[in-house]
A.B. asks: 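One structure is given below, represented as structure tokens, and several questions about it will come after.
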Protein chains: 2
Amino acid sequence: MYLCLIMSNLRFATAIHILVLLDKNRNELITSDFIAGSLNVHPVVVRREIKVLREAGYIESKKGKEGGCALAMEANKILLGDLYKLVNKENMLGRKNRPNPDCAIGRQMNNKLDVLFNKAEEGLVALLNKQSLKDFSDSFE
Amino acid sequence: MYLCLIMSNLRFATAIHILVLLDKNRNELITSDFIAGSLNVHPVVVRREIKVLREAGYIESKKGKEGGCALAMEANKILLGDLYKLVNKENMLGRKNRPNPDCAIGRQMNNKLDVLFNKAEEGLVALLNKQSLKDFSDSFE
DNA sequence: CTAAATGAAACACTTTTTGTTACAATATTG
DNA sequence: CAATATTGTAACAAAAAGTGTTTCATTTAG
């Protein structure tokens, strides 16, 4: 398991933005250019995140002219904690030093930090999972 | 308030390592060189973190020959959630894009994310605050 | 005075993250 | 079938964040 405690990238904000737009435009195919316009980033950045969301089963996309993407799940089944884990999959664990193994404390430190970080991660994900994409999206006017 | 969800730096791990060493060597002044040896990093990196811990009142240091630093508080008064906030003070809020203000969704997004991130941060800090430096330090053999 | 330590600034280096270009593949429309 | 609009992806460039290092002034003990 991994733990990310500092949101040092924009991926969670980007992913949730994409999903809200798709939820607000159900029954339509939305292009990455349109999403990029709302997010104010490059369309390729959007497509990168779309790939992750698609592979996780949250959305599906259609290639070619008149293509675009749409939600592939009910919005109330998409939980924000799961989304958080998804976009931070690779580097979830809090970063650790490589302490001196000759030091009695240093030797044990990373195992202790792992325990601490894992507990924190579980709590955080559980907390975020109390809210679904639907809850979040419905809070918009 | 701020929220950091991904631990993309080593500062929390470094700060907690320093504090555990000081707790395990109470009644002694520990040099940044000694700490750096245990952490396996440059002494200046240690002194940078020591400055933050000192200004927060957790430790005090003595200059000059035979100098060093020591805990300035009881270890059970130092809560890990507070420590987490301290080392991530500047960039705690999850990072956000700068969405297009002409988009009805984009316009509202960052306020909504702030609410979400603040709630998550509070929960995370509360969870970490269940553990003090003493609890953590005592778990070492 | 000398030695050992902190304090702090400045800069270099590395890693992470984001932005951009380019182009192949695919599907729709006429 | 040709033209067009779109996704998908790779490769690279640029920017930002984080860490490492050098340097030196200051302080204190002996």
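Here is how names work: the chains are called A, B, and so on, in the same order as the sequence lines, proteins then strands, and each is numbered from 1.
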A.B. asks: Quickly work out the Glu49(A) CD to dT18(C) P distance and round it to whole Å.
C.D. replies: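 So the two atoms are 9 Å apart, to the nearest Å.
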A.B. asks: Can you tell me the distance, in whole Å, between the CD atom of Glu60(A) and the C1' atom of dG8(D)?
C.D. replies: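 In whole Å, dG8(D) C1' and Glu60(A) CD are 16 Å from each other.
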A.B. asks: Starting from C1' on dT17(C), measure out to CZ on Phe12(A) and report it in whole angstrom.
C.D. replies: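 About 18 Å, once rounded to whole Å.
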A.B. asks: Salt bridge check, Lys96(B) against Asp114(B): does any charged N sit closer than 4.0 Å to a carboxylate O?
C.D. replies: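 Counted as a salt bridge, because a side-chain N and a carboxylate O are separated by less than 4.0 Å.
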A.B. asks: Measure the distance from CD1 on Ile59(B) to C1' on dG7(C) and round it to the nearest whole Å.
C.D. replies: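 Distance check: Ile59(B) CD1 to dG7(C) C1' gives 13 Å.
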A.B. asks: OP1 or OP2 of dA5(C) sitting under 4.0 Å from any side-chain N/O of Ser32(B)?
C.D. replies: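 Answer no for this pair, as no side-chain N or O of Ser32(B) is under 4.0 Å from OP1 or OP2.
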A.B. asks: Taking the side chain as everything from C-beta on, heavy atoms only, tell me whether Thr14(B) gets closer than 4.5 Å to Asn9(B).
C.D. replies: no
A.B. asks: Using ring pair (Phe, Tyr, Trp, His ring centres under 6.0 Å) as the criterion, list what pairs up with Phe136(A), not counting sequence neighbours.
C.D. replies: Phe140(A)
A.B. asks: Taking atom P of dT16(C) as reference, at what distance in whole Å does atom CG of Asn88(A) sit?
C.D. replies: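 For the pair Asn88(A) CG and dT16(C) P, the rounded distance is 14 Å.
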A.B. asks: Hey, is the side chain of Thr31(A) poking within less than 4.0 Å of OP1 or OP2 on dT6(D), counting only N and O atoms?
C.D. replies: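 Answer is no, no contact under 4.0 Å.
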A.B. asks: So if I define the base as every atom that isn't primed, P, OP1 or OP2, how would nucleotides 19-30 of chain C read as a B/S/- string at a heavy-atom cutoff under 4.0 Å?
C.D. replies: BBB----BBB--
A.B. asks: Are any of Arg54(B)'s side-chain N or O atoms less than 4.0 Å away from OP1 or OP2 of dG7(C)?
C.D. replies: yes
A.B. asks: Could you give all pairs that pass the salt bridge (charged side-chain N to carboxylate O under 4.0 Å, His left out) test and reach residues 127-141 of chain A, with sequence neighbours left out?
C.D. replies: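 Residue pairs passing salt bridge (charged side-chain N to carboxylate O under 4.0 Å, His left out), neighbours aside: Lys134(A)-Asp138(A).
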A.B. asks: Roughly, in whole Å, what's the span from CG in Leu29(A) to C1' in dT6(D)?
C.D. replies: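 It works out to 11 Å between those atoms.
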A.B. asks: Of the options Leu53(B), Leu133(B), Leu128(B), which is the one that meets Leu83(B) in a side chain to side chain contact (heavy atoms under 4.5 Å, CB included)?
C.D. replies: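 Going through the options one by one, the only one that passes is Leu53(B).
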A.B. asks: Under 4.0 Å between a Lys/Arg side-chain N and an Asp/Glu carboxylate O for Glu60(A) and Arg54(A)?
C.D. replies: no
A.B. asks: In whole Å, what is the span from the CG atom of Leu53(A) to the P atom of dG8(D)?
C.D. replies: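 After rounding, the reported distance stands at 12 Å.
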A.B. asks: Check whether the side chains of Asp82(B) and Asn129(B) place a donor and an acceptor atom closer than 3.5 Å, and report yes or no.
C.D. replies: yes
A.B. asks: Can you tell me the distance, in whole Å, between the CZ atom of Arg95(A) and the P atom of dG20(D)?
C.D. replies: 9 Å
